[in-house]
Amino acid sequence: MDENKKPHDSRSKLHSFDWLGDIPGGKAASDVVEVQFKNARKGYYRNTTGLDLAVGDLVAVEAVPGHDIGRVSLTGLLAERRMRRASGRKDEVRRVFRKAKPADLEKFEEAKARENDTMIRARKIAASLNLNMKIGDVEYQGDGNKAIFYYIADERVDFRQLIKVLAETFRVRIEMKQIGARQEAGRIGGLGPCGRPLCCSKWMTNFVSVATSAARFQDLSLNPQKLAGQCAKLKCCLNFEVDAYVEASKKVPPKEIRLETADSTWFHFKTDIFNRLVTYSTDKNLAANLTTVTADRAFEIIRMNKAGEKPLTLAPEEDDVKKARPKAEFGDILGDDDLTRFDKKKKRKRKNPGKASGEDPARKPEKQKSNDKPKNTDKPKSEKPTDAESSGPAPKRRDKRPPRKPRAARKDGGGADNTANSNAPQE
């Protein structure tokens, strides 16, 4: 693989899919090239020399003064369309000089190594001049002849003296660019409260203003510590779902409408927008006698109140509830959804009662079989069984132990004579 060409990272926030690149016949061909520099800075250049450029190539482009080093991020007709949208002027487009050579890359790496030290020294210089500003980042040009200082300031700052001091200190051309707090957070990066990387550091390229009304539509607590991001501004993600909440809020009754019933007056307490459930309270400021009804029931009561009627209760009658109750799509037959299914104690096995009583468990089935009555009998039903037959066979008794040998035979020892004598009856 070429040293100047590295695999393009599709996770970059400036990555674009060239959906015009596979048009046959060369109709998507163009000499305009989109080049990406440090962080979110991009530029559009013309490939006047006809170089064979692809996405991921490091190129040397025209700059004022000197040249800059960047990576090709897009080529073809789509890059030209983006250039027209960004600036509308085609005459001021600069050129692509060449693919970056090893000497160009060596000088570019030396310039990048000085950025951190330059930023720290520039902050000290700005503090010594008592300027109310913060220098957030420094970017050197590819040839090291120019440095761009990105700063943050809440008010207008006169930094003419600062530019003179910086130019004398670093011996380069100085350019100052003001950025906002959100742009600074995107350049630095980090993790949000959701556990994922910041959206502004991954895929967001433009920032839309966020208002507190977005939090009100979503019924979020207006706590500045929870609504603010790492940039100390309102989180950009508050705008992601606000349109869905605005559309869903049109399907529930307004919060300021009161419901009149025969027993009381009900005030709005809270709303579950996506389930279309509304909770009402009998007190305007406190949670008293909370009752939750569907949005359709609330609209029905509003129509009745406009007609001068009042229902008996806020909740619908039991008959109406049974009719309107939807059938469950599925049932939890196995109990897999029960959270306490693992907390059930295992049933202990019941001990055999025959062992406790000292009976032989091997003979127990025989005893049960002996007590069973025969199913088919030859005797007619009219005849009565005798007492012997009704009582059934007597239960078998356990065999007695064999008789013990006499003591004399045991003392004399084993033998045939002794055995015969022991078995003979004693006089």
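Residue numbers count from 1 along this sequence. Hydrogens, waters and symmetry mates are skipped; everything else that's a heavy atom, side chains included, is used.
The side-chain heavy atoms of Arg297 and Pro316, taken from C-beta on, include a pair separated by under 4.5 Å. By the 4.5 Å heavy-atom criterion applied to side chains, Thr212 and Leu234 are counted as neighbours. Phe149 places none of its side-chain heavy atoms less than 4.5 Å from the side chain of Glu175.
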Ring pair (Phe, Tyr, Trp, His ring centres under 6.0 Å) between Phe108 and Tyr140, intermediate numbers included: CA-CA 8 Å; Phe108 178 54; Tyr140 270 96; over 10 Å; no
Candidate pair Val59 and Val72, rule side chain to side chain contact (heavy atoms under 4.5 Å, CB included), full reasoning: CA-CA 7 Å; Val59 293; Val72 177; 3.9 Å; yes
CA sep, side-chain torsions, deciding dist, call: Thr261, Leu312, side chain to side chain contact (heavy atoms under 4.5 Å, CB included): CA-CA 6 Å; Thr261 59; Leu312 297 178; over 6 Å; no
Step-by-step side chain to side chain contact (heavy atoms under 4.5 Å, CB included) determination, Tyr151 to Lys134: CA-CA 5 Å; Tyr151 71 95; Lys134 176 187 176 183; over 6 Å; no
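A donor and an acceptor atom, one from each side chain of Ser264 and Thr282, are nowhere located under 3.5 Å apart. A donor-acceptor contact closer than 3.5 angstrom links the side chains of Glu139 and Tyr150. A donor-acceptor contact closer than 3.5 angstrom links the side chains of Gln141 and Asp143.
For the pairing with Lys99, the side chain to side chain contact (heavy atoms under 4.5 Å, CB included) check across Leu53, Leu58, Asp104 returns one residue only, Leu53.
Thr169 and Arg121 make their closest contact through CG2-NH2, 3.1 Å (heavy atoms, listed as atom of the first residue, atom of the second, distance). Val278 approaches Ala295 most closely through the heavy-atom pair CG2-CA, 4.5 Å.
Looking at Asp57, its side chain does come within 3.5 Å of a backbone N or O of Ala54 through a donor-acceptor pair.
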